[in-house]
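For reference, the structure discussed in these notes is given below.
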Amino acid sequence: MGSHIAPLASKLKHLSLSTSHYISLLESYTNVRSLPLSKKKNVRSLPKIKQLHAQIITTGIFPLSSPKLVTLFSNLASSYALCGHVAYARKLFDELRQPKLFLYNAIIRMHSQSGSPFEVLKLFVDMLSSGYLLPDRFTYPFVIKACGDLSLLKSGVILHGKVVTGGFSSNVFVLNSILAMYMSCGAVEMVKRAFYVSGGRDMVSWATMISGFVKNGCPNDALLIFDEMIDSGAQLNRSAVLSVLSACGDLKDLSFGIKVHGIVVEKGLKDDICICNALINMYARCGRMDEAKQVFNKIKERDVVTWTTLMQGYISNGNAKYALEFCWLMHLEGVVPNSVTVATLLQASGSLQAVKQGRCLHACVVRQNLLRDAIIETALIDMYAKCNHIRDCFLVFTQSSQKRVASWNAMISAYTHNGLASDAIDCFKQMLHEAVGPDAITISGLLCAYADLVNGRQSFSVHGCLIKSGFLSDIEVVRGLIDIYSKCGKLEYSQKLFNEVSLLCRDITLWSALIGGYGAHGHGETAVLLFKRMVQSGAKPNEITFTCVLDACSHAGLVDEGLELFKLMVTTCQANPSMYHYTCMVDLLGRAGRLQEAYELIKTMPFTPNHAVWGSLMGACAVHQNVELGEIAAKILVNIEPENTSNYVLLANIYASAGRWEDAENLRLMIDNVGSGKKPGHSFIEAKVT
DNA sequence: ACGGAGCGGA
């Protein structure tokens with residue numbers, strides 16, 4: 001027996017009580033109720049059980065001769081199991097020849113709670129093959145959960161069948177474990193069937209469904225079933241609310257979020273700090289920092305999560321400066337930052353390129369000895385990378401005691417971010433050399449580096465490695481590879497990879513990578529065709545997709561297609577065209593010589609056009625010799641960027657090509673006044689000669 | 001005698 005028992009046992013021996021006394025004492029314990037166990041496995045009960053165990057040993061009444069003693073040891077084992085004392089429970093259990101069902105269940109539950117799903121399944125198989133026991137409604141939930149933990153969908157389905165034939169499917173505990181198992185295996189369709197077939201559901205069933213949908217990337221289903229839950233009059237459940245709010249954030253569905261907020265207030269859950277934090281997060285992800293701040297202000301006792309969530313919200317909404325200011329307010333309120341907070345602040349420093357601030361935080365990290373924390377280390381590397389201090393990235397990386405996958409990943413993307421693609425690749429090779437196994441994030445980081453290199457031959461060898469390693473099952477990795485092939489112009493390979501991805505997984509970014517590839521290599525028609533097919537398939541194009549396809553139209557001179565798509569973007573898709581989209585359109589119209597249309601489009605822009613938009617128009621004016629619009633564009637451009645001499649040159653070209661030599665000559669003088677003027681003079685002369 | 005599910009911030 002263990003070290004706890006030995007001294008205790010020797011003490012007891014000195015008490016010199018008779019064996020018969022012990023036996024009578026122990027017999028009273030063959031009724032499990034009289035065992036000193038506590039249901040809430042608190043520490044108090046464990047010493048008592050150990051003490052009793054020691055007493056039993058000192059009596060020397062081995063081996064297990066009488067049925068009463070068998071019961072006694074079974075009770076003892078289940079008490080250990082209930083306290084979560086795996087070693088003793090298992091030892092006693094293994095010594096018993098034919099454990100009763102209740103002991104099996106207790107041991108299975110213990111392994112389930114201690115996170116050993118494999119052990120659970122092994123015991124279940126033992127139990128079945130022993131032939132004298134049949135699992136009951138208490139056995140199934142743990143075994144089914146184990147299948148979920150191990151993603152053993154096939155076994156899960158078999159167990160589901162056994163549950164049905166055994167007549168346990170009406171038990172809500174068993175049902176809920178089946179729902180959770182299917183969710184863990186990602187079998188969304190099967191879980192829907194199981195849920196709608198079942199009769200007796202409870203709050204847990206609803207919550208399991210909602211959170212499962214969110215985890216499986218089906219936030220839409222989560223919202224639908226939340227509505228259903230409300231309609232069915234089921235009692236509102238805290239975790240259902242938390243999950244549905246995260247679904248609203250995923251979808252940026254503000255109106256649903258507001259509805260849930262209303263329900264929260266109505267049901268009196270608005271003082272729950274967790275729900276408030278989730279509300280702040282939801283509003284922040286929907287881009288509504290004002291509303292997020294309102295929820296924040298109403299909270300009486302804000303915790304560290306509240307503050308961190310708010311900071312995170314400001315960062316993701318492009319206001320990283322606020323995040324840093326809130327740090328001081330948090331400090332004043334006496335809330336102590338944790339490592340997540342510090343990582344968030346580092347992120348803010350990085351996006352502001354505030355390397356001084358970042359160094360201060362780095363110093364705090366060192367003082368508080370937080371460097372061992374994985375998220376802190378990667379956040380530091382990330383921060384220095386964004387500030388273009390690659391040397392500091394490397395220092396943090398080398399000084400960290402344990403080089404984890406995440407650290408390597410951060411280092412690889414740090415190199416790529418700083419335009420050092422081949423260093424990123426060397427870093428990856430070093431990682432393999434040090435026997436650190438890459439994960440999907442490593443690979444997609446690596447693929448970004450290869451995409452920068454634009455090297456066709458290397459792409460093939462990378463592709464080969466990925467096939468061998470099995471990483472191609474990860475959608476991110478496939479996306480990276482499609483991106484590489486698209487950039488290299490090996491479009492048939494992009495297409496082939498794309499075709500192999502199942503319809504369900506073809507998300508918008510995947511389409512964008514493919515469409516962008518065709519567009520960039522002069523296959524405008526194909527890009528537009530693919531875009532249409534994408535819309536038909538039900539994928540919702542975003543700003544990036546439109547950028548790709550408009551770019552493609554612009555390169556291939558597909559004016560009408562471009563206009564049509566632009567209209568689609570504003571009307572059907574309700575996307576807000578960005579500066580770049582307008583630049584594309586002006587470029588497109590301009591190239592085709594439809595200068596007046598381009599000018600009209602600029603006038604309708606909802607924000608002030610920048611140099612790129614006007615520059616695009618002016619370039620087109622030069623090509624098509626339109627002096628009138630060229631002058632308009634030039635005037636504005638000169639205001640926006642007076643020091644850029646190429647604008648004057650371009651205008652001079654326009655004048656010269658229209659035969660207005662005097663104006664051209666005047667401009668030449670102006671260019672000389674502006675400054676450097678080496679190139680401008682040259683092209684001016686060129687324009688005049690021809 | 002014994003039991004299920006879910007839970008905010010990186």
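Lettering of chains follows the sequences in order, A, B, ..., and the numbering in each one begins at 1.
- For residues 315-328 of chain A, no residue pair satisfies the salt bridge (charged side-chain N to carboxylate O under 4.0 Å, His left out) rule, not counting sequence neighbours.
- We find that CG of L279(A) is positioned 14 Å from C1' of dG9(B), with the value rounded to whole Å.
- Between N281(A) and dG9(B) there is a side-chain N or O to OP1 or OP2 distance below 4.0 Å.
- The base of dG4(B) is paired with the side chain of D202(A) by a donor and an acceptor separated by under 3.5 Å.
- With 3.5 Å as the limit, one finds a donor-acceptor pair spanning the side chains of N105(A) and D136(A).
- Rounded to whole angstrom, the span from the CG atom of L236(A) across to the P atom of dA5(B) amounts to 21 Å.
- Between Y283(A) atom OH and dG8(B) atom C1' the separation is 16 Å, expressed in whole Å.
- Regarding E301(A), its CD atom lies at a distance of 21 Å from the P atom of dG8(B), rounded to whole Å.
- Using bins of under 30°, 30° to 60° and over 60° for the plane-to-plane angle, the ring pair F394(A)/F397(A) lands in the tilted bin.
- Aromatic rings from F118(A) and H111(A) are positioned such that their centres are separated by 6.0 Å or more.
- Computed from coordinates, the L242(A) CG to dG6(B) C1' distance equals 9 Å when rounded to whole Å.
- For N176(A), the listed nucleotide lying nearest its side chain is dA5(B); candidates were dG6(B), dA5(B), dA10(B).
- Between the base of dC2(B) and the side chain of R109(A) there is no donor-acceptor pair shorter than 3.5 Å.
- Among the protein residues, S177(A) comes within range of no part of the nucleic acid, since none of its heavy atoms lies under 4.0 Å from any strand.
- Near DNA chain B, meaning a heavy atom under 4.0 Å from it, residues 132-157 of chain A has R137(A), F138(A), P141(A), F142(A), K145(A) in order of number.
- In the set dG6(B), dG3(B), dA10(B), the nucleotide with an atom closest to the side chain of A180(A) is dG6(B).
- In this structure, CG of L179(A) is placed 11 Å from P of dA5(B), rounded to the nearest angstrom.
- Below the 3.5 angstrom threshold, one finds a donor paired with an acceptor across the side chain of D303(A) and the base of dG8(B).
- Across dG3(B), dA1(B), dG9(B), the shortest atom-to-atom separation from the side chain of N171(A) is found for dG3(B).
- Between K100(A) atom NZ and dA1(B) atom P there is a gap of 15 Å when expressed in whole angstrom units.
- Neither OP1 nor OP2 of dC2(B) sits under 4.0 Å from any side-chain N or O of Q113(A).
- Between C276(A) and K270(A), every side-chain heavy-atom pair lies at or beyond the 4.5 Å cut-off.
- The aromatic ring centres of Y80(A) and F93(A) sit 6.0 Å or more apart.
- The OH atom of Y80(A) sits 24 Å away from the P atom of dA1(B) (whole-angstrom rounding).
- Between dG9(B), dG6(B), dG4(B), one nucleotide has an atom nearer to the side chain of F173(A) than all others, and that is dG4(B).
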Tell me which donor-acceptor pairs under 3.5 Å the side chains of residues 173-187 of chain A have, and how far apart each pair is, sequence neighbours excluded?
unit_1	atom_1	unit_2	atom_2	d
N176(A)	OD1	S205(A)	OG	2.6
N176(A)	ND2	V172(A)	O	3.2
N176(A)	ND2	D202(A)	OD1	3.2
S177(A)	OG	V174(A)	O	2.7
Y182(A)	OH	H160(A)	ND1	2.8
S184(A)	OG	A180(A)	O	2.9

